[in-house]
2 protein chains.
Amino acid sequence: MTAPNGFGAAATHDTFPLPPGRTLDICLNLHSAILEHRLSPGMKLSEDEVGEIYGASRTVVRAALQALAHSGLVNIERNRGAFVSRPSIREAQEVFEARALIEPRVARLAAEVIGAPHIKRLNRHLDAEHAAIDAGDKGKALSLSGAFHIAIADIADQQVFSQMVRSLISRSSLIIALYWKRADATCESHAHHALMKAFSEKDGSAAEEIQKSHIIDLHSGLDLREKKETASSLAQALSRD
Amino acid sequence: MTAPNGFGAAATHDTFPLPPGRTLDICLNLHSAILEHRLSPGMKLSEDEVGEIYGASRTVVRAALQALAHSGLVNIERNRGAFVSRPSIREAQEVFEARALIEPRVARLAAEVIGAPHIKRLNRHLDAEHAAIDAGDKGKALSLSGAFHIAIADIADQQVFSQMVRSLISRSSLIIALYWKRADATCESHAHHALMKAFSEKDGSAAEEIQKSHIIDLHSGLDLREKKETASSLAQALSRD
DNA sequence: TGATGAAAAATTGTATACAATCAAATTTGC
DNA sequence: GCAAATTTGATTGTATACAATTTTTCATCA
């Protein structure tokens, strides 16, 4: 009890507090779909449509959409409905500035308390990331890359920071979907491996510096000028899983 | 559009995204009540009871409670209902560590862009704060003290940081309700005035340093050992205003 | 008397129905 | 033929009813 976020259940791996019952399933599912870019920014999330897909009533769907709205992944407009968020250029800047402030600190904290099991888990994360890249699944790769950052926050074992990082990572995923300019998404792996080295040496200062550079590098990989327009079918994007 | 948080309307002065319709009223009302310590940590917020007080149906009340849960002010336990959050000692530590990282940066950003109208507004905040202290209204004074910090974040004009600060301030209010040990709440005013000086000189570095010291000082004002038990009537606490 | 168990009451989880609002298509007027 | 106004349709906002779960109460037994 006295949960880190507002809801009773312990935070497992997600940005938003854990709503009751089946709302959670829908949250997680939509969350994954958005992070893996199966749902494009700006896409409409009709309550009826989502409800029919998941076999749930609007009551539950509404709760899920509101939860996602609180996480910044969904934008609810009065009397118009819910849409996948389309972060502005301004918001993109701010999100990465926040990451550049918070994540290095989190990396330092993690390095100071990290243990062998943690390192093992991080390595598994990296392996999965590479596998996705080799398989050419960009969406999955990006999602796993974010999961790596979140795993670090979990190791630091600071719920408040962890929650912030989760939210920022989620929003970053949308931002990257909109503004990423580099062809290769693999540039990240290098920084992630460097982090692993700092972790294995329990070198907090190094981890902090590497993470800071890493975030700045990610930020510089964005093309914050144009806007891409995207919108497609909902049922299709949600069909698998 | 492309709202800073998940909801369409612009964030005015509150922690949570802005839910539609009357849900917002209930959110703001409960939020104020919690921040002014009219609702004690641990107090049960029954859907029926809250709904009857505000003349709204459970549907709306539920949405409000969920929004507050996302802000960390309310704790929802499955099949048991909503309670005013009772931050753990651990959480208290984390919240103030986060504030010590984020708020100094925000203060620096604010100092770099601050203008005469902003300073005027901050001074009004300080006046109101003093008035509340003189009137002996501790709850109101604390609430206004938090509003001062939020006002700084608004001046910095960074929505992402602003959102974080709001959330942290709200939770701090609960933490102070539980763990504050100093008799005087006036100690803050000194730091706030020092900040005003730095702002008027547009000295970002000074503002950052002062704010950092201020947060650490606040943190040290907590007695993070014992737990106070509190619980009383709901309708009574919500009767005024 | 205290603990244990079942029944009853209260509270939340979910579904559905109705009202209000908004978007689009149709009609009407010029 | 084009623009404005109106009607139609679809979607969200809200209330209420029912189901599931928990908490309380109270009777029973060691």
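Here is the naming used below: chain letters follow the sequence lines, and residue numbers restart at 1 for every chain. Both backbone and side-chain heavy atoms feed into the values below; hydrogens, waters and symmetry mates do not.
Per the geometry, CD1 belonging to A:I76 stands 12 Å off P belonging to D:dT14, to the nearest Å. Distance CD (B:E49) to P (C:dT11): 8 Å, rounded to an integer number of Å. Computed from coordinates, the B:N79 CG to C:dG13 C1' distance equals 7 Å when rounded to whole Å. Between the CG atom of A:L45 and the P atom of D:dA10 there is a distance of 20 Å, given to the nearest Å. Summarising the geometry, the separation between CD on A:E77 and C1' on D:dT11 is reported as 13 Å, rounded to the nearest angstrom. Following rounding to the nearest Å, B:E52 (CD) and C:dT11 (C1') show an atom-to-atom distance of 14 Å. The interatomic distance linking A:E47 (CD) with C:dA15 (P) rounds to 13 Å, in whole Å. Rounded to an integer number of Å, the gap from CZ of A:R22 to P of D:dT21 is 12 Å.
Checked by atom type, the side-chain pair B:H70/B:S167 shows no donor-acceptor distance below 3.5 Å.
Along DNA chain C, the nucleotide nearest to A:A56 and the one nearest to B:R80 differ in position, and the one closer to the 5' end is contacted by B:R80. Of the two residues contacting DNA chain C, namely B:T59 and B:D48, the nearest-nucleotide position lying further toward the 5' end is that of B:D48.
Comment: A:R166 engages A:D154 in a salt bridge, judged by a side-chain N to carboxylate O separation of less than 4.0 angstrom. We find that A:E91 and A:R171 are joined by a salt bridge, their nearest charged nitrogen and carboxylate oxygen being less than 4.0 Å apart.
The line from CZ of A:R86 to CD1 of A:I175 is 13.0 Å long, rounded to the nearest 0.5 Å.
Judged by distance alone with a 3.5 Å cut-off, a donor-acceptor contact links the side chain of B:R58 to the base of C:dG13.
A close approach under 4.0 Å does occur between a side-chain nitrogen or oxygen of B:K44 and OP1 or OP2 of C:dT12. One finds a side-chain N or O of A:R62 lying less than 4.0 angstrom from the OP1 or OP2 phosphate oxygen of D:dG13.
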